[in-house]
Amino acid sequence: MSSTLLKCLNLAKSVRTATLKSFLTAPKPQWQVWSSAAALQTPHAQMHTSPPRLDLMEFFDDKKHWSENEVKVGRAWRTEELRIKSNKELHQLWFILLKERNMLLTMEHECNEQMEIFPSPERIDKVKISMKNLETVVRERNKAYHLLETGETGERPQRPVQNAFGIQVNYKSCEHVLPPFMNLKWIKSRNIGFGGRAVNRFLLKYREQLYNAKRKAKNRSRNEVMMILRRNPNFDLEVLRRKFPDVNIDKLRNDDKTRGHFVPKVDS
């Protein structure tokens with residue numbers, strides 16, 4: 001190898017080393033400083049009450065609960081408890097409940113696959129009730145804000161319409177790119193209509209089913225009041241009227257079935 005080529009290679013190595021050292025010792029730009037500081041932070045630490053886990057086992061419950069038949073947990077969150085919390089706390093609580101729901105659903109599915117008993121399945125209901133109450137509180141705050149700023153509720157407008165089976169449902173309006181007279185797809189979906197012999201028979205049986213359900217509920221209330229008066233003739237009638245507003249208490253007291261099989265007291 002010639003001496004000229006060796007000098008060129010040594011010069012290239014020295015230039016590369018000097019360039020690398022200058023790049024490593026040079027001050028970092030401001031965006032790199034911000035990105036490195038953000039990477040060192042743990043955003044999950046503020047959302048968890050326990051140290052966070054960054055693995056897939058976070059979708060499963062604690063191993064000490066796997067062989068248990070019952071897991072002691074608290075009750076669901078109430079709306080009056082959620083109303084006193086700030087928006088930030090509600091936001092954090094929503095993600096905690098969402099994570100808990102995903103974990104419980106995963107455990108339920110795994111227990112069904114392994115043919116084992118899922119401990120305390122009422123936990124899923126408690127989490128769902130808590131999430132529903134949280135949504136109620138957030139909707140109340142949104143309505144109050146929109147009423148204060150614009151005078152409207154901010155909710156999506158809706159109106160009662162009849163579907164293809166003739167049943168009245170609430171239709172929530174939504175925005176479309178095209179106007180109604182140009183949107184053929186929307187026109188076809190709206191102009192379904194209902195009618196015919198089959199639909200009329202369905203509506204007749206559907207109304208009959210609703211009437212029977214209402215009648216049975218009224219009879220159950222009436223029979224319950226009757227049994228209460230039969231066992232306790234001196235029961236407070238005002239309490240019964242508040243609890244059973246659809247039952248005629250005064251008329252029911254004169255019924256023979258309400259009196260029961262006892263000898264009335266006669267003042268001598």
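The shown structure was predicted, so the numbers you read here are calculated from the model rather than taken from an experiment.
The two residues F165 and V199 make their nearest non-hydrogen contact at O-CG1, 3.8 Å. Scanning all heavy atoms of the two residues, the minimum distance from L134 to L90 falls at CD1-O, 3.8 Å. Considering every non-hydrogen atom in both S130 and L97, the closest pair reads CB-CD1, 3.8 Å. The heavy-atom pair separating I129 from A76 by the smallest distance is CG2-CB, 4.0 Å. Across all their heavy atoms, V247 and S221 have their closest contact at CG2-CB, 3.9 Å. Between E70 and P119, the shortest heavy-atom contact is N-CB, 4.2 Å.
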Inset, instruction - Evaluate the salt bridge (charged side-chain N to carboxylate O under 4.0 Å, His left out) criterion for residues K128 and E100: first the C-alpha distance (whole Å), next the side-chain angles of each, then the deciding distance (0.1 Å), finally the verdict. - result: CA-CA 10 Å; K128 290 182 178 180; E100 187 74 12; over 6 Å; no
Inset, instruction - Just do the side-chain contact (heavy atoms from CB on, under 4.5 Å) check on W94 and E135 with the steps written out, would you? - result: CA-CA 9 Å; W94 173 262; E135 286 184 341; 3.4 Å; yes
Inset, instruction - Check the pair N170, R159 against side-chain hydrogen bond (donor to acceptor under 3.5 Å, both in side chains), reporting the backbone distance first and the verdict last. - result: CA-CA 6 Å; N170 289 329; R159 63 180 186 275; over 6 Å; no
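Although no hydrogens or angles enter the test, the distance criterion places no donor-acceptor pair under 3.5 Å between the side chain of N232 and the main chain of F235. Remark: side-chain polar atoms of N133 are paired, donor with acceptor, to backbone N or O of W77 under 3.5 angstrom. Under a 3.5 Å cut-off, the side chain of R123 and the backbone N or O of S120 do form a donor-acceptor pair.
A salt bridge between R83 and E140 is present, with a side-chain N of the basic residue lying under 4.0 Å from a carboxylate O of the acidic one.
Atom CG of L104 is separated from atom CZ of F118 by 5.0 Å, given to the nearest 0.5 angstrom. Atom CZ of residue R253 and atom CE of residue M226 lie 14.0 Å apart, to the nearest 0.5 angstrom. We find the CG-CG distance between N142 and L147 to be 10.5 Å, quoted to the nearest 0.5 Å. The distance from atom CZ of R141 to atom NE2 of H146, rounded to the nearest 0.5 Å, is 14.0 Å.
Take R139 and apply the salt bridge (Lys or Arg N to Asp or Glu O under 4.0 Å) test, not counting sequence neighbours, and it matches E155. Residues satisfying the salt bridge (Lys or Arg N to Asp or Glu O under 4.0 Å) criterion with E224, sequence neighbours excluded, are absent altogether. Contacts of R241 classified as salt bridge (Lys or Arg N to Asp or Glu O under 4.0 Å), with partners at least two apart in sequence or in another chain: E238, D250.
Transitive grouping of hydrophobic side chains (ILVMFWY, heavy atoms separated by less than 4.5 Å) brings F202 and L210 into a common cluster. A chain of hydrophobic side-chain contacts below 4.5 Å, direct or via other Ile, Leu, Val, Met, Phe, Trp or Tyr residues, connects L252 to V239. Cluster annotation: L98 is connected to M103 through the hydrophobic network of ILVMFWY side chains, with a link wherever side-chain heavy atoms come within less than 4.5 Å.
Contact annotation: the side chain of R215 approaches that of N212 to within less than 4.5 Å [non-hydrogen atoms, C-beta and beyond]. Side chains of T136 and L82 form no contact here, defined as non-hydrogen atoms less than 4.5 Å apart.
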